[in-house]
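Sequence lines set the chain letters: A, B, ... in the order given, protein chains first and strands last, and positions in each chain run from 1.
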Amino acid sequence: MPAPAIFWFRRDLRLHDNPALIAAADGRPIVPLFVLDDEAPGMRPLGGASRWWLHHSLAELAAGLERRGLELVLRRGPAARILAEIAAETGADSIFAGSRPEPDAIARDRALIPALRQHGVTLTLVADSLLFSPRRLMTGAGEPFKVFTPFWRAALALGDPPASSGVPGLMPGPACRGDDLDDWRLLPSTPDWAGGLRAAWQPGETAARDRLARFVDRGLGDYGRLRDLPAVDGTSRLSPHLAWGEISPRQVWHAVRGREDGTGAAKFLSEVGWREFSYHLLLASPGLAEANWRADFDRFPWVEDKATFRAWRRGETGYPMVDAGMRELRSTGYMHNRVRMIAGSFLVKHLLTDWRRGEAWFWDNLVDADHANNAASWQWVAGSGADAAPYFRIFNPVLQGERYDPDGTYVRRWLPELGGLPATAIHKPWTLAKPPRDYPAPIVDHRLARDRALAAFQSLKTK
DNA sequence: AGTTTGTTCAC
DNA sequence: TGAACAAAC
């Protein structure tokens, strides 16, 4: 019997279509391991919603492994030390893991390989979290892409990614002591704010596969028509599952490519393409979450205002579409994509708040928090990013509400205090003769805020 | 992946 | 008076 291999789960919490797991299981017994390395220097700590998700996803993964006779080992601490310890405890001489495309993770993993070799252990990393290698895609000039459309065209020209695979045969390795998941305290307790998350989500690979199958079956055909309506269940809602790798983008790709009857499929795959593009940008600009991609935004006259930032976070800006989104986020750890754009635009353009503050709030509150997507999308909405909305594209939260939530169903769902308003006033309650008493008046006037934002943008040009 | 404003042209 | 369009922000 060959020596056992450690399979190090990271953001690939699945058994299906996991190429690194297939490589590990090739004739060897497996010690499945997850390391909570939340104090690693340079690595961003998980947000609260992500920690909630991780707890349940790990529980699911452990159950799936147990059905196959394997025990998931949980350990907390610096990955380099834990991996060496587990190898020594189990006699493993190899470790396999899915590679992570984030620049800081790449640096950490690169340092791990020689460190582990000193203990006589090889670390093999298998790329599997993206459809296309972000470094392989370059413009004709050999530069990273700055615009999505040519990026995605070049990606599609590469042809189909490899077919997805099933679960390999898994042989249990030696037993190994691990932590108790509950002791990690990933779940909130005092207070327990996760009730809305529990009601909205089922973390784990099984639920991810079910959701993909159901979406391809029932949602894909109408995706182009319904994807922008937040009141409707018209999107895949796969983002948190993709963020934790409970499903792979290859599985998504091939499930969709089998069903190209409408225009929904190409549109939906291009949304997966934005995820690829975000990682492409992050690799070209490792500071994407910290620094303006466009350097001229370093001169932007951001306004620090505790009261308006607090109102935004709590969903008390007086603009129903913004507030409904922010309350959906706080309640469920999610916000519909259309509403993310409206709420994000409002924070940056109406309140002149530095996009990094919004990025940090989303990072903490989103169950689908993803370093590349979150950073690239906030820079897109702020106008500071690659292929971004031009800064003068300022969403009017009233018009956006009337266009994408015409009867106010979405707003009423998250703002029950507006439940009795007629559809004609639901997105501008202040126009009523008797505005609702328990809902705030707009914290900024749209017209004033728009002019102020345009002036701030002008100030970048004239210096 | 936008909004506002001004112009034209058909009621 | 208002829909449709273009241009500017």
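What separates OH of A:Y404 from C1' of B:dT3 is a distance of 12 Å, to the nearest Å. Distance CD (A:Q458) to C1' (C:dA8): 11 Å, rounded to an integer number of Å.
Note on A:R340: nothing from the nucleic acid sits closer than 4.0 angstrom, heavy atoms only.
A:Q400 and A:R338 share a side-chain donor-acceptor pair at under 3.5 Å. Side-chain N/O atoms of A:H336 and A:E328 include no donor and acceptor closer than 3.5 Å.
At the phosphate of B:dT3, neither OP1 nor OP2 sits under 4.0 Å from any side-chain N or O atom of A:H446. Residue A:R447 places none of its side-chain N or O atoms closer than 4.0 Å to OP1 or OP2 of C:dC9. Applying the 4.0 Å criterion to OP1 and OP2 of C:dC9, one finds that A:K349 has every side-chain N and O outside that range.
Contact check of residues 386-402 of chain A against DNA chain B (heavy atom, cut-off under 4.0 Å) returns A:F392, A:R393, A:I394, A:F395, A:N396, A:L399, A:Q400.
Figure legend: cation-pi geometry between A:R51 and A:W184 absent, as NZ or CZ is not positioned both under 6.0 Å from the six-membered ring centre and within 45° of its axis.
With ring centers used as reference points, A:W274 lies under 6.0 Å from A:F148.
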Going by atom type alone, with no hydrogens or angles, which donor-acceptor pairs under 3.5 Å involve a side-chain atom of residues 212-219 of chain A and a protein atom two or more places apart or on another chain?
| from | atom 1 | to | atom 2 | distance (Å) |
| --- | --- | --- | --- | --- |
| A:D217 | OD1 | A:R259 | NH1 | 3.1 |
| A:D217 | OD1 | A:R259 | NH2 | 3.3 |

Would you mind writing out the side-chain donor-acceptor pairs for residues 351-361 of chain A within the sub-3.5 Å range, not counting sequence neighbours?
| from | atom 1 | to | atom 2 | distance (Å) |
| --- | --- | --- | --- | --- |
| A:D354 | OD1 | A:R356 | N | 3.0 |
| A:D354 | OD1 | A:R356 | NE | 2.9 |
| A:D354 | OD1 | A:R356 | NH2 | 3.4 |
| A:D354 | OD2 | A:R356 | NE | 3.3 |
| A:D354 | OD2 | A:R356 | NH2 | 3.0 |
| A:W355 | NE1 | A:N292 | OD1 | 2.8 |
| A:R356 | NH1 | A:E290 | O | 2.7 |
| A:E359 | OE1 | A:R44 | NH2 | 2.8 |
| A:E359 | OE2 | A:R44 | NH1 | 2.9 |
| A:E359 | OE2 | A:N374 | ND2 | 3.0 |

